There are 2 protein chains.
Amino acid sequence: MYRIGELAGMCEVKADTLRFYEKHGLLAPSMRTDSGYRMYTEQDANRLRFILRAKEVGFTLSEITELLSIELNKSEWACADVKGMVDDKLAQVEERIAQLNVFKTTLQALSRACCGGPESAEHCSILEALESSLTEVRCEEPGCEHGKQ
Amino acid sequence: MYRIGELAGMCEVKADTLRFYEKHGLLAPSMRTDSGYRMYTEQDANRLRFILRAKEVGFTLSEITELLSIELNKSEWACADVKGMVDDKLAQVEERIAQLNVFKTTLQALSRACCGGPESAEHCSILEALESSLTEVRCEEPGCEHGKQ
DNA sequence: ATAAACCTTGGAGTTTAATCCAAGGTCAAG
DNA sequence: CTTGACCTTGGATTAAACTCCAAGGTTTAT
């Protein structure tokens, strides 16, 4: 059993964050001492770890709430519901990855287009691309001609 | 010359957003009419497009402010500065993609572990995994044994 | 000349995810 | 038995990036 500060320290979050999660229904301590101190079990700690892992990867707290809320009411849900939720999240994650890959490609094109040297950015390909249109970034040859004059 | 609503409509943002950008030093109209209406020139419109394009690539407004300050003063900066910013952003995006891939793998494991049938989620492998530890999700065989009793 | 559509300002509200604060209660050590 | 570290609560504040509102002024079309 951990007090709030212990669990927080263990998981590298602040005690305030745990109170916040409690207020928002993500994680409540399994018990309280007579004097009202929150006491977290190992199971609570595991739940917190799941929350943190999900968060690390870009799930919002309300998405995490949704995912965890089934657990409180297991018997009212069918496996299909649970799996459906996971699959929805999976689709969202894949969508997000796809989106980020688009960003990545654009950024790579921008990066490749620029010599990155100490010369003035007067004719910098990156700035020129942002000035005109991102779709026009084309300068993939290794010998960068940029800054020639 | 465009009035605020025209420029907003043209670029598919709200007039409020343009006022917001002005307040935050990203984009001020080049002039005002006698009666105080904002009037944007084609150059202003280009600057807005620059902002929107940069946003598309995932730059925050404060990063864009920085980019714009380079833009306005190109000769005082080196290509290395500009490329450095893009490469930083690229690293951030790649890091995020890597994280999302970890979560994707976990979600795929959860999904595979569950039969997805109409039976009660009382003994659902997904929920069991969430309750204990995600690292324990191991049930990749096609014949799902889940819900057996 | 009047209604509709547009514009102005300052300021408040929204969302997400905390983070901080004040005033006070609890607990272990010396 | 008092100090210091910890805990309690409710409420205020933060940051980002808008978004909306009220009360009024301007333009334009009929």
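In what follows, chains are A, B, ... by sequence order, proteins preceding strands, each numbered from 1. In this text, all values refer to a predicted model and were calculated from it rather than measured experimentally.
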Rounded to the Å, how far apart are [X] [atom1] and [N] [atom2]?
X: A/I4; N: D/dA5; atom1: CD1; atom2: P; result: 19 Å
X: A/E12; N: C/dA17; atom1: CD; atom2: P; result: 20 Å
X: B/E6; N: D/dT27; atom1: CD; atom2: P; result: 14 Å
X: A/L18; N: C/dA18; atom1: CG; atom2: C1'; result: 12 Å
X: B/R32; N: D/dT26; atom1: CZ; atom2: P; result: 14 Å
X: B/R19; N: C/dC7; atom1: CZ; atom2: P; result: 7 Å
X: B/K14; N: C/dT14; atom1: NZ; atom2: C1'; result: 13 Å
X: A/L61; N: C/dA17; atom1: CG; atom2: P; result: 4 Å

Indicate whether OP1 or OP2 belonging to D/dC18 is found under 4.0 Å from a side-chain N or O atom of B/Y21. yes

Any A/Y37 side-chain N or O less than 4.0 Å from OP1/OP2 of C/dC27: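 For A/Y37, the contact criterion (side-chain N or O under 4.0 Å from OP1 or OP2 of C/dC27) is not met.
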
Hey, does [Y] have a side-chain heavy atom less than 4.5 Å from the side chain of [X]?
X: B/Q99; Y: A/R53; value: no
X: A/L100; Y: A/K104; value: no
X: A/M1; Y: A/M31; value: yes

Using a heavy-atom cut-off of 4.0 Å across all strands, would you classify [X] as base, sugar-phosphate, or nothing?
X: B/T33; result: nothing
X: B/R38; result: sugar-phosphate
X: B/K55; result: sugar-phosphate

Counting side-chain heavy atoms from C-beta on, which of [options] comes nearest to [X]?
X: B/F20; options: D/dC7, D/dA17, C/dT19; result: D/dA17
X: A/T17; options: C/dA18, C/dT8, D/dC18; result: C/dA18
X: B/R3; options: C/dC6, D/dC7, C/dT19; result: C/dC6

Pair A/E6-A/Y40, side-chain donor/acceptor within less than 3.5 Å: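 Looking only at side-chain atoms, A/Y40 and A/E6 do not form any donor-acceptor pair under 3.5 Å.
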
For B/T60 and B/D34, take the nucleotide of DNA chain D holding the closest heavy atom to each; which residue's nucleotide lies nearer the 5' end? B/T60

Between CD on residue A/E63 and NZ on residue A/K89, distance to nearest 0.5 Å: 4.5 Å

